[in-house]
Amino acid sequence: MLAVLTAPAIGRRADSTSLSPLTSLTELMDPSLRLPVEQSLAARYSEWVAEALDEIQGCFLITDPDIAGHPIVFASRGFLAMSGYSLEEVLGRNGRIFQGAATDRQSVMEIREAIREERTLQISLLNYRKDGTPHWILFHLFPVFGVEDGRVAHFVAVQVPIPRRSRCLRSLAENRHEGGTGRFLVACRNEFRSDYKLGCNPVVELFVDVDNRGLEAEESRHATEQEKEKACDAANSILSTLAHYSKLTGRVISDKRRSEAGISAINSSLVISLGRIKQSFVLTDIQLPQMPIVYASDEFLNLTGYSRHEVLGRECWFLNGPDTDADVLHQIRQSIQAEHSCTVRLLNYRKDRSSFWNLFHISPVRNASGKIAFYVSVQMDENAKSNEHGLSPHMRQLGVVGAVKVAVRSLSMCAGPSRR
Amino acid sequence: MMILKRIPTVLSNYQEAAEPRRCGRNCLGKCCLPISKLPLYAFNGDANPRNSSFGVDETPPDFFLNSLLLAQWEDRMSRGLFRYDVTACETKVIPGEYGFIAQLNEGRHLKKRPTEFLIDRVLQPFDPAKFNFTKVGQEEVLLCFGAGEGGKACFLESAPVGEDNSPNVVAINVSPIEYGHVLLIPLVLDHLPQRIDPDSFLLALHMAVEAGSPYFRLGYNSLGAFATINHLHFQAYFLSMPFPVERAPTQRVPIAKGLLCHGGVKISLLLNYPVRGLVYEGGTSLKDLSDVVSKSCMCLQENNIPFNVLISDSGWRIFLFPQCYAEKQALGEVSEEILETRVNPAVWEISGHMVLKRKKDFEEATEQYAWRLLAEVSLSEARFKEVKDYIFGAIGLEESKKENIKLEEKKETSFQSSAPIVRATCNLAEGCLVLQ
């Protein structure tokens with residue numbers, strides 16, 4: 001067995017109980033997220049939307065995939081009442097905090113995939129309240145798209161409680177099917193995935209109650225038509241409210257992605273993945289001649305003092321300035337030409353024109369076709385003090401490169417809505 | 001004795017070395033390792049790690065995976081230690097219900113003389129004369145991995161291995177299937193043969209948990225199920241997509257009694273998938289889940305049934321596939337067409353990730369074809385039932401006789417499109433997956 005190590009600790013404090021979910025821990029949201037989370041709705045739907053949403057009956061959450069961690073930016077009063085949480089405990093957190101040990105893992109995967117593929121999903125799910133008690137809900141998720149750029153602006157998750165029903169009612173519903181289980185799957189693909197058709201392929205599942213031993217022993221719980229309608233009605237109300245208020249800011253949304261809204265280089269699932277990398281880096285698109293920046297991490301913005309819209313679309317050399325060594329720049333250009341990675345140290349300038357020594361690493365990133373699609377460049381302020389947890393600066397840069405390579409390659413594998 | 005000629009996959013740059021390694025070449029053997037220093041990651045071995053959380057001042061859960069494993073991997077790439085750049089290999093999702101993943105990789109398979117593999121014995125003693133991981137160069141090692149003491153995980157960039165210490169080592173796979181493809185070699189100096197035991201399986205599960213991503217999966221191939229090297233190792237890599245097997249429907253095995261004895265582990269049958277298998281989930285602790293699965297594997301080992309194991313969903317779901325492909329191949333029972341693709345269905349292929357050697361196979365890959373290939377791997381229904389009964393006997397599980405559930409063969413019908421039985425009643429976007 002390994003000896004005890006004296007080293008900076010990294011990690012994890014384990015919860016001693018196993019079946020209860022994370023709800024017993026009262027963590028506050030990461031302070032750096034506070035402003036983006038609070039601004040998320042107002043920026044697109046104006047300050048008045050919160051009040052309007054509060055008037056909609058029902059339990060629902062709104063999340064923002066563009067903020068790191070894909071956090072909740074709105075929770076309805078009905079949701080808070082149902083779950084027992086307060087607004088502060090929920091804002092800025094990711095929706096998985098309501099899952100727990102008995103939540104079906106395959107359902108969790110379905111939700112993850114629906115988010116990734118930016119589509120609607122309706123599924124029964126076992127969730128946990130703040131007090132640790134489990135309850136079944138019909139979970140109805142749908143994206144809203146910005147009309148102008150075609151990207152997902154927010155996801156909305158409507159939740160309708162599914163109460164326990166008596167056995168005879170349940171077997172009435174089940175009567176039409178034979179015994180045996182599988183999963184009932186109806187997939188009607190959206191119009192922009194037309195390059196391959198997914199047939200609608202029912203595989204029948206039937207829940208057979210093995211014993212009456214509590215909710216967690218239930219494999220699944222079916223929602224009635226009424227409950228599904230309730231979910232759809234709430235979804236429609238939320239959607240029309242959001243659509244209406246989005247007109248006030250001009251950043252209009254819709255439930256459908258406009259197919260002409262340009263194929264963006266970066267779809268929201270890639271943004272979500274990149275958002276997990278907590279270091280300064282940018283992604284440049286090399287398929288366009290001026291090599292514009294198509295993604296910039298929050299840490300990059302903090303380091304350089306620019307805001308996101310000042311950076312996106314800009315060519316990648318703008319951090320250089322009068323005293324930046326031309327030879328070093330040449331070295332970088334040569335590496336790009338040769339399709340190699342390169343590590344250099346160069347003088348860069350922030351927005352306020354103050355300079356800093358940048359430990360800079362750039363590397364080509366291929367997508368699923370095997371061809372180079374982006375370059376990732378990682379910046380590190382030589383003088384910045386940070387908790388490195390035992391890793392050298394160079395290793396930390398390589399970690400960014402690795403994570404980006406995996407994300408870009410995986411997420412470009414299937415014909416998604418934003419395709420390269 | 002059944003023997004197959006096969007061209008093995010090269011996992012290490014030292015695998016094909018004709019002459020034996022000498023000391024002083026910085027290998028992983030007793031000659032060099034104890035006096036070496038390697039990066040060390042010690043996970044919190046104390047409590048149930050699946051419900052852990054982190055404070056504001058600690059690194060996020062993806063430290064181990066992103067900052068450490070992938071960083072080291074990228075470093076080895078830049079040092080030219082891999083036989084090819086896997087990210088330059090074209091890959092795609094095959095259109096279909098399950099989304100099988102195909103990759104065109106001509107470099108993975110060697111052009112050399114095939115070697116002989118004994119394939120009808122799942123348990124074979126370790127042979128130090130053959131290639132094993134102590135012969136690997138230390139540059140191929142990314143880090144040592146093991147349980148630390150104390151309540152927190154920690155990392156040391158350079159820690160002495162020490163005498164009398166047999167570390168668990170994470171090394172690169174020089175013929176990677178995907179970015180980040182590594183090998184986990186428990187107790188490397190102990191020269192364990194390729195066989196599952198409770199401790200090593202638990203270690204593998206811990207690694208899945210530490211990685212903290214449902215897309216970082218571990219796999220195990222027994223001998224006879226396309227393990228290349230008879231030295232205990234697991235494989236792992238990162239693919240940010242669901243594997244087809246993870247999408248397949250499952251049916252919970254109703255338990256008459258024994259559920260509580262096994263720490264709440266739930267076992268299901270895999271349905272509507274070309275390879276029959278069992279799915280293990282849950283458990284009140286990681287160790288409970290690990291013990292049930294490792295007992296099942298050991299039962300198969302003792303009954304000489306080759307198998308593959310997939311650890312997915314950050315250690316929450318484990319798939320066990322008994323298989324018989326190698327035997328069929330040796331008996332000449334596999335069709336020539338399938339043999340020509342030279343796909344050896346090990347755990348990744350069975351899970352739905354196919355590495356194809358020929359461009360023609362890659363371009364013409366269809367879900368039907370993948371299905372047909374994998375169906376050759378599966379045990380027949382009758383044989384699977386037998387094996388399942390062995391396993392349940394070994395773990396002390398009694399299946400409930402309450403329901404008479406007939407498992408239908410759904411192979412032929414699974415690709416036919418038919419009109420949706422239920423339409424989503426809401427007038428939202430048509431892209432709608434209704435799952436009940």
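Each chain gets a letter, A, B and so on, in the order the sequences are listed, and its residues count up from 1.
Proximity to chain B involves both the backbone and the side chain of Met395(A), based on heavy atoms less than 4.5 angstrom apart. With a threshold of 4.5 angstrom between heavy atoms, Leu187(B) does not approach chain A through any atom at all. With a threshold of 4.5 angstrom between heavy atoms, Ser363(A) approaches chain B through side-chain atoms but not through N, CA, C or O.
Rounding to the nearest 0.5 Å gives a distance of 9.5 Å between SG of Cys89(B) and CZ of Arg366(A). The distance from atom CD of Glu90(B) to atom CG of Asn367(A), rounded to the nearest 0.5 Å, is 9.5 Å. Atom CD1 of Ile101(B) sits about 9.0 Å away from atom OG of Ser410(A), to the nearest 0.5 Å. The CH2 atom of Trp316(B) sits 11.5 Å away from atom CG of Asp104(A), with the distance rounded to the nearest 0.5 Å.
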Check: Would Tyr215(B) and Arg112(A) satisfy side chain to side chain contact (heavy atoms under 4.5 Å, CB included), going step by step from the backbone distance to the final call?
Finding: CA-CA 11 Å; Tyr215(B) 301 121; Arg112(A) 191 166 54 230; 3.3 Å; yes

Next item on the list: Could you please spell out the steps behind the side chain to side chain contact (heavy atoms under 4.5 Å, CB included) verdict for Lys92(B) and Met413(A)?
Entry: CA-CA 5 Å; Lys92(B) 67 179 183 186; Met413(A) 255 194 241; 5.8 Å; no

Next item on the list: Could you please spell out the steps behind the side chain to side chain contact (heavy atoms under 4.5 Å, CB included) verdict for Arg116(A) and Met241(B)?
Entry: CA-CA 9 Å; Arg116(A) 208 158 67 96; Met241(B) 300 220 41; 3.5 Å; yes

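With sequence neighbours left out, the ring-ring contact (aromatic ring centres under 6.0 Å, His included) criterion links Tyr280(B) to no other residue.
Using a cutoff of 4.0 Å between basic side-chain nitrogens and carboxylate oxygens, Lys405(A) and Glu74(B) are scored as salt-bridged. Taking 4.0 Å as the cut-off between side-chain N and carboxylate O, Glu178(B) and Arg409(A) count as a salt-bridged pair.
Looking at Gln106(A), its side chain does come within 3.5 Å of a backbone N or O of Glu246(B) through a donor-acceptor pair.
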